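This one's a predicted model, so the numbers in the text were calculated from it and none came from an experiment. Order of the sequence lines fixes the chain letters, A, B, ..., with proteins taken first and strands second; residue numbering starts at 1 for each chain.
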Protein chains: 2
Amino acid sequence: MTVPAQQRWLDGIAAARHELDRSSTAARVADLLRDEITTGRLCPGDRLPEEDLCRAIKVSRNTMREAFRLLVQERLLVHEFNRGVFVRRLTGDDLADLYRVRRILECEGVRGAREATPEALARVEAAVADGERAAERESWPDVGTADIRFHQALSALCGSPRIDEMTRHILAELRLVFHEMGSPREFHEPYLARNRRMADLLRAGETEAAERELRSYLDDAEAQLTRAYRDAE
Amino acid sequence: MTVPAQQRWLDGIAAARHELDRSSTAARVADLLRDEITTGRLCPGDRLPEEDLCRAIKVSRNTMREAFRLLVQERLLVHEFNRGVFVRRLTGDDLADLYRVRRILECEGVRGAREATPEALARVEAAVADGERAAERESWPDVGTADIRFHQALSALCGSPRIDEMTRHILAELRLVFHEMGSPREFHEPYLARNRRMADLLRAGETEAAERELRSYLDDAEAQLTRAYRDAE
DNA sequence: ATTGAAGGATTGTTGAACAATCCTTACCCT
DNA sequence: AGGGTAAGGATTGTTCAACAATCCTTCAAT
C-alpha cells in the first residue's frame, strides 16, 4: 500500500524538478525577446542586430544566435541569410492560414467536448471568467490575453499535447497581428459575450450549437482583422 | 500584356533561387543526421556526442549545436540540459498522441476533399500509384515512404501550409516507431489496397465513406504498432 | 549496501578571429 | 542629370580555443 503512494509522490517531485533549474541562458534570452514582441515593444519588420543586443543583454553572440533560433522556430522571427533576423511580418495569406488552422483545431476541440476531461472544461470556464473580471476593471490587455487563453482551452479539449503546442504557436503569431491594429478594447470587448455563450453551450453539452457559434466568431474576427490589415497598406 | 508575363517569370526565378544557395551548413548537417535517423542507422535512445560528430563531419561545435537545434524542433532528437542530445525514444503516450493528431488532420483533409485543389488531389493519386509500383518491384522501404507520402497528401487537402508542416513532423516522428518494429513488408503491404480504395472513394467524391475507411485504417495501424511496441518491452 | 568524495569526461558559455556577404557611398562615364 | 560600377565599411556566417558548470564513474569508507 505504501508503494503506489510513494510512487505518485516521487512522480510529482520529478515533474516539478524538471521546471526548476533546467533552463539555458539562450532560453531565458528568448523569453525576454518573446515578451518584447508579444507586448508590442518590438514591431513586425523590426530588425534585431546581433551585436547591439549582445551588448544590451550581455551575452555572447553564440547564445544570442541560439536564442534567435528558438524564436525563429516559433515563427516570431524570420531569419534572412546573411541579412539578419527580423520580427515577423505576417502577410494576408498568413492571416488566412492562421484562421484556417484555428477553425480546424478549435472546432475539433468543441466537437469532442463531451469526451474531454473535467479539468480541460474547467479551464475553458476559468478563461471566460478571467476575461469578464478584466473587463470590469477595464484592463483591456488582460481581456486580450484571457481571450487567447479561452481559445487555447478550446483546442485543448482535444486532449493532445501536440495540438496544444501548435495552438500556442498559432496564437502567438496572431498577437503579431493584434498589435498591428490599434484599440484593443474595440476589438476584444464585443467577443466577451460570445465567449460566455460558447462556454455555457459547452457546459450544457450542446456541442453542435457551440461549434456554430465558434465558426461565426472566427469568421467575424478574421474578416475584421483582414479589413484592418488591408487598410494598413 | 508583357508585364504580367514577365512578372510571373520573375516570381518563378525568385522562388527557385531561394532554394538554391540559401542553405547554411547547419541545415546540411541536419539533413545528414536526419537521414541517419529515418533510415534507422541511428536508433532511438542513441546518444550523439558533440565532439565525436564534429570530428567526423568536420564542422565546429557551434554549427553542430545549431544542427541539433533544428532536429530537436522536429522532435527527432531530444536535448537534455548538461547531458547531451539523444535520438528520441517514443513512449506509448507519444504513439497515442501521434495517432490522435493524425485522425484530426487527415480526416479533416478528407472531409474537405471536395473543396481541395486538383493538384492536391493529384498528389494523393500519385502517392498511391508510387506505392503500387514500389510493391511490384518489391522494394518495401519505398512502399513505406509512398505510404507516408499518401497520408501527407491527405492532410494537405486542407490547403494549409502550417498543417502541412505539422503533418510532416508527425510522420517523421512515426518513422522512429516504424524502425522499432521489424519487417517493413508485413507492415506496409496490407495497407496498399486500402490506400487505393480511399483514393478511389475520394475521386468519386464519396468523402464520408473515405473518412470511415481512413478511421478504420488508423485504428488498425495504431493497434498494430501499440501491440508491437508493448512487446518490445 | 549505501553514502560521499575525488577525478575525468561532456556540455554550456564566452570572446576573438577571419571569411563571406550585404549595403552604402562616392565616383566615373555617357 | 542619370545610371552603372567599384571601393569601403558594416553585418553576418563559421571556426577555434579556452574556461566554467555539470554530469557520470570510480573508489574508498562507514
Side-chain angles (χ1 to χ4, degrees), chain A residues 2-3 6-7 10 13-34 42 45-73 76-89, chain B residues 6 10 13-33 36 42-43 45-73 76-89:
Chain A
T2 67
V3 177
Q6 186 188 20
Q7 188 55 42
L10 285 175
I13 289 285
R17 190 255 160 78
H18 198 275
E19 316 280 322
L20 192 55
D21 79 308
R22 292 304 139 126
S23 121
S24 67
T25 59
R28 284 192 298 267
V29 173
D31 290 344
L32 197 150
L33 292 177
R34 189 185 303 108
L42 278 170
D46 283 356
R47 176 146 170 274
L48 308 189
E50 290 185 1
E51 299 223 44
D52 299 354
L53 280 170
C54 289
R55 234 177 304 115
I57 312 187
K58 298 212 204 312
V59 296
S60 81
R61 268 182 73 207
N62 286 322
T63 38
M64 181 58 71
R65 288 165 68 86
E66 191 151 339
F68 283 165
R69 270 172 247 141
L70 292 172
L71 294 171
V72 166
Q73 294 166 193
L76 293 182
L77 301 180
V78 291
H79 182 160
E80 300 187 18
F81 200 82
N82 274 324
R83 291 202 52 225
V85 299
F86 304 80
V87 179
R88 179 123 192 224
R89 171 173 281 160
Chain B
Q6 185 187 22
L10 285 174
I13 289 285
R17 189 255 160 75
H18 198 277
E19 316 281 325
L20 190 56
D21 78 311
R22 292 301 140 130
S23 120
S24 66
T25 58
R28 284 192 299 268
V29 173
D31 290 344
L32 197 150
L33 292 177
E36 294 289 304
L42 278 170
C43 297
D46 283 356
R47 176 144 170 272
L48 308 190
E50 290 185 0
E51 298 220 47
D52 299 355
L53 281 171
C54 289
R55 234 177 304 118
I57 312 187
K58 298 212 202 312
V59 296
S60 81
R61 273 180 69 204
N62 288 324
T63 21
M64 183 56 72
R65 289 163 68 86
E66 180 156 348
F68 284 165
R69 283 279 175 212
L70 294 172
L71 295 173
V72 165
Q73 199 260 339
L76 292 183
L77 301 180
V78 292
H79 181 156
E80 301 186 19
F81 196 81
N82 273 325
R83 292 202 52 226
V85 299
F86 304 80
V87 179
R88 180 126 192 223
R89 169 174 281 159

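In this structure, the CG atom of B:N62 is 11 Å from the P atom of D:dT14, given to the nearest Å. Rounded to an integer number of Å, the gap from CZ of B:F86 to P of D:dC23 is 12 Å. Taking atom CD of B:E66 as the reference point, atom P of C:dT13 lies 15 Å away to the nearest angstrom. The distance from atom CZ of A:R69 to atom C1' of C:dT13 is 13 Å, rounded to the nearest whole Å.
With sequence neighbours excluded, the residues that form a side chain to side chain contact (heavy atoms under 4.5 Å, CB included) with A:Q73 are A:L70, B:R69, B:Q73. Scored by the side-chain hydrogen bond (donor to acceptor under 3.5 Å, both in side chains) test, B:S60 finds B:T63 as partners (sequence neighbours excluded). With sequence neighbours excluded, the residues satisfying side chain to side chain contact (heavy atoms under 4.5 Å, CB included) with A:D31 are A:R34. Every residue two or more places apart in sequence or in another chain that forms a side chain to side chain contact (heavy atoms under 4.5 Å, CB included) with B:V29 is listed here: B:L33, B:I57, B:V59, B:M64, B:A67. In this structure, the side chain to side chain contact (heavy atoms under 4.5 Å, CB included) partners of A:E51, at least two apart in sequence or on a different chain, are A:R55.
Residue B:T25 places none of its side-chain N or O atoms closer than 4.0 Å to OP1 or OP2 of D:dG13.
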5' to 3', nucleotides 6-12 of chain D under a 4.0 Å protein heavy-atom cut-off (B base, S sugar-phosphate only, - none) gives -----SB
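At least one side-chain heavy atom of A:L77 sits less than 4.5 Å from a side-chain heavy atom of A:F68.
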